[in-house]
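Reading through the structure tokens given below for one structure.
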Amino acid sequence: IRSRAGVPLALGRSADRRRLGVGLGGIVLRDAAGSVALAPDEAALDTGFHRPEPALRWTDGDAALPTALLARLSGPLMVELQVAATAAYPVAA
């Protein structure tokens with residue numbers, strides 16, 4: 001899950017030193033047979049994700065979906081990202 005990212009401290013927004021991409025309230029993976037819903041506190045969300053917070057989980061701008069969960073699905077796949085928050089992002093001049 002790639003997005004722009006920024007460090008709130010470096011942008012003068014807050015004291016948060018984390019590189020924040022998007023705050024996700026959930027992720028739903030769908031194939032022709034059904035779906036798998038991932039809550040923000042899903043333990044398998046580790047690569048490119050920060051620790052879960054109440055009702056959301058921030059990415060670092062380059063997060064990976066767990067291959068073990070993707071392996072449960074087959075054929076064409078739809079990924080639904082429930083964006084709960086965004087951060088201020090630097091824009092190149």
Side-chain angles (χ1 to χ4, degrees):
I1 302 169
R2 289 204 169 164
S3 69
R4 287 198 235 169
V7 178
L9 177 66
L11 297 170
R13 304 282 182 183
S14 76
D16 195 335
R17 297 176 183 270
R18 298 175 298 169
R19 182 174 176 255
L20 300 179
V22 294
L24 299 175
I27 300 171
V28 180
L29 308 173
R30 299 181 197 279
D31 68 4
S35 64
V36 175
L38 306 174
D41 61 352
E42 171 65 50
L45 298 176
D46 55 2
T47 304
F49 290 90
H50 293 287
R51 290 184 179 166
E53 298 177 20
L56 66 83
R57 189 169 197 151
W58 286 97
T59 72
D60 66 4
D62 191 13
L65 294 174
T67 55
L69 293 175
L70 293 174
R72 294 188 206 169
L73 306 166
S74 64
L77 175 68
M78 183 169 85
V79 179
E80 177 184 318
L81 302 175
Q82 300 165 350
V83 178
T86 59
Y89 307 108
V91 178

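Hydrogens, waters and symmetry mates are skipped; everything else that's a heavy atom, side chains included, is used. A quick note: this is a predicted structure, and the numbers were derived from the prediction, not measured.
- Scanning all heavy atoms of the two residues, the minimum distance from V36 to L73 falls at CG2-CD2, 4.1 Å.
- Between the T59 side chain and the G48 main chain, no donor and acceptor come within less than 3.5 Å of each other.
- Using a distance-only test at 3.5 Å, with no hydrogens or angles considered, no donor-acceptor pair links the side chain of D60 to the main chain of R19.
- In terms of heavy atoms, L20 sits closest to P8 at CD1-CG, 3.6 Å.
- Connection of V79 to W58 is not established within any shared hydrophobic cluster, with ILVMFWY side chains joined at heavy-atom distances below 4.5 Å, either directly or through further cluster members.
- In this structure, L77 is a member of the same hydrophobic cluster as L24, with clusters built from ILVMFWY side-chain heavy atoms closer than 4.5 Å.
- No continuous path of hydrophobic side-chain contacts links V28 to L69 [ILVMFWY only; heavy atoms under 4.5 Å].
- To the nearest 0.5 angstrom, L9 atom CG is 7.0 Å from S14 atom OG.
- The side-chain contact (heavy atoms from CB on, under 4.5 Å) with L45 is formed by just one residue from the set R57, H50, R51; it is R57.
- Both L81 and V22 are assigned to one and the same hydrophobic cluster, defined by single-linkage of ILVMFWY side chains at heavy-atom distances under 4.5 Å.
- In plain terms, the two heavy atoms of P52 and P40 that are nearest each other are CB-O, 3.5 Å.
- Closest approach of A64 to F49, counting heavy atoms only: O-CE1, 3.5 Å.
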